[in-house]
2 protein chains.
Amino acid sequence: MSRSDLAGKAAAPKIARPVPLRESVFDALLELIISGHLRPGQHLAESELAEMLGVSRQPIREALQLLSGEGWVDLHPGHGAFVHAPTAEEADQLLGVRALLETEAARLAARNHTDEGVARLRALCSRGLAAVDADDIDGAVAINSELHATVMELSGNTVLIDLAAQVSRRVRWYHTPVARQRGRASWEEHTALIDAIARGEADLAAEIMKNHTEHTRHLYLSQLGEEEPVQPLPSRRRKRRAPASL
Amino acid sequence: MSRSDLAGKAAAPKIARPVPLRESVFDALLELIISGHLRPGQHLAESELAEMLGVSRQPIREALQLLSGEGWVDLHPGHGAFVHAPTAEEADQLLGVRALLETEAARLAARNHTDEGVARLRALCSRGLAAVDADDIDGAVAINSELHATVMELSGNTVLIDLAAQVSRRVRWYHTPVARQRGRASWEEHTALIDAIARGEADLAAEIMKNHTEHTRHLYLSQLGEEEPVQPLPSRRRKRRAPASL
DNA sequence: AGACTGTATGCTGTAGGCAGTTGACGAAAA
DNA sequence: TTTTCGTCAACTGCCTACAGCATACAGTCT
């Protein structure tokens, strides 16, 4: 009777690998948050989520803690979990920090550049340009993420990589409602970046990445800042048992 | 019969505030890790910890997840938790990222400087110099942390603050075995930094902070790198049915 | 009428327990 | 002696249940 909804995801490949239920719950909840089904500021009652997903409260609790660690929900001890309410200011800060981390990554990547790494970057860049020329927006966005992730990876700094990944995940919140990419210009900057990395010119690579990410940042911000969901700390229960109005 | 050991910490101020047991467990385990009682690479059996701390496995599990989020332990699904094994390379990366974040914080702090903030920095700096002159090493270290934290805070970038806090906590791992501070010179740099912030010279403030933190970083690294605990993925059990000590 | 207190309900935090799986030890075979 | 397989203890992941607290509603007092 349990695991009704997640059964297909979690319990099916039961033998294949011990994918903890909590991670399926994590994904499910994250999807509900990003999609807007669970709205910012909303109180997340464990029992409700447990029933909704067909699991017990334990995996829910653990998933909520993971989500809290990544900034998706806020945990108020004794009061439960609330969907984090993103703000334009936070988006700005997030993008600023991401720009900072990526800039440093570009610098380090140029410093430790390898032929193999540069080749991977060039391949991705080609695919990206092809996608743009084919008007494949989704593809270009995906390849763009992959390229940036590869630069991060080539930096060789695990701490930097982890932090950047964390920040990038949180940026995803604003990704959906925002326009995607800025076309060919972006990919020409990528080309210049890769050239700088290949030549080992760390400062130049950093400079290019800085301009690149700051450009993207301003693009985001110009499109953001209209709608602003604000819910300070709403009452835990919507209502008690009377229909009432509000 | 439960909560024997943590009773004094957690259950005593029970009414004062609902401090979840998990946070007491978090602190207790962190202390055990930093102090070296739990050694790098060691497998942490939930039942053992539960019995040791006198609580059930649930708060232990949750505390372990929190610790994992901050990089203190590694969680291997299905295999349990292992104390993270720090390396000199990781220390280097950690310090490098921290330098990066603090440099940016100094830049932002200079940009948004306020009289009140500058006053707080100056006060801390005075206290720090006094502590140094009085040969109060511990005091100077504490004030140093506070000063850097204040610069971070004055940056006004919450995301940056959170990330830096996270990184700084992890640096603490290497803090204990490493010598503490470098005396007056450090505090003169602080003075110059505060002046730059007060005048709103963002680039200068960033430059000073960069040199300052890089200096500290090299100091750390020169003192590090001798002892290097390495334990890839040891057997889960020390023995099978021996009485065991811990 | 408004403020305060008592009461009820839902929630969180924690405990305890069960099933499945992992990994090691020991025996048997090559 | 070395390799392979069977057996088994212990651990993780999950579920269920309970105690305590927080909040909202209702009744009472001023």
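Convention: sequence-line order gives letters A, B, ...; per-chain numbering from 1.
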Legend entry - Stepwise side chain to side chain contact (heavy atoms under 4.5 Å, CB included) check, B:Met152 with B:Leu160: CA-CA 8 Å; B:Met152 286 293 328; B:Leu160 194 63; 3.8 Å; yes
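What separates CD1 of A:Ile60 from P of D:dC14 is a distance of 11 Å, to the nearest Å. When rounded to the nearest whole Å, the span between CG of A:Leu66 and C1' of D:dG13 equals 14 Å. Taking atom CD of A:Glu48 as the reference point, atom C1' of C:dT12 lies 14 Å away to the nearest angstrom. One can place CG of A:Asp74 at 15 Å from P of C:dT12, the figure rounded to the nearest angstrom. Atom P of nucleotide D:dA19 and atom CD of B:Gln58 are separated by 17 Å, given to the nearest angstrom. Remark: P of D:dT12 and CZ of B:Phe82 are 9 Å apart, rounded to the nearest angstrom. D:dC15 atom C1' lies 12 Å from atom CD of A:Glu62, rounded to whole Å. With rounding to whole Å, A:Glu46 atom CD is found 18 Å from D:dC21 atom P.
For A:Arg57, taking side-chain heavy atoms from C-beta onward, the closest of the listed nucleotides C:dT14, D:dG13, C:dG13 is C:dG13. Closest approach to the A:Ser56 side chain among D:dC18, D:dC15, C:dA15 is made by D:dC15 (side chain taken as heavy atoms from C-beta onward). Which of C:dC11, D:dG13, D:dT12 sits closest to the side chain of B:Ala45 comes down to D:dT12. Of the candidate nucleotides D:dC11, C:dG13, C:dA15, C:dA15 has the atom lying nearest to any side-chain atom of B:Pro59.
Take B:His84 and apply the side chain to side chain donor-acceptor pair (under 3.5 Å) test, not counting sequence neighbours, and it matches B:Asp74, B:Glu90. With sequence neighbours left out, A:Arg127 forms a side chain to side chain donor-acceptor pair (under 3.5 Å) with no residue at all. B:Glu31 meets the side-chain contact (heavy atoms from CB on, under 4.5 Å) test with B:Ser35; sequence neighbours excluded. The side chain to side chain donor-acceptor pair (under 3.5 Å) search around A:Arg61 returns A:Glu46, B:Glu62, not counting sequence neighbours.
Using bins of under 30°, 30° to 60° and over 60° for the plane-to-plane angle, the ring pair B:His76/B:Phe82 lands in the perpendicular bin.
Between B:His43 and D:dT12 there is a side-chain polar atom (N or O) within less than 4.0 angstrom of OP1 or OP2. Remark: B:His79 is not in phosphate contact with C:dT21, judged by side-chain N or O atoms under 4.0 Å from OP1 or OP2. Put simply, B:Arg61 has no side-chain N or O that comes within less than 4.0 Å of OP1 or OP2 on D:dT12.
Contacts classified as salt bridge (charged side-chain N to carboxylate O under 4.0 Å, His left out) and involving residues 100-109 of chain B (residues at least two apart or in different chains) are given here: B:Glu104-B:Arg107, B:Arg107-B:Asp203.
Within 4.0 Å (heavy atoms only), A:Leu64 reaches no atom of the nucleic acid at all.
For the helix from C:dA1-D:dT30 to C:dA30-D:dT1, the rotation axes defined at the first and last 5 base pairs enclose an angle of 10°, given to the nearest 10°.
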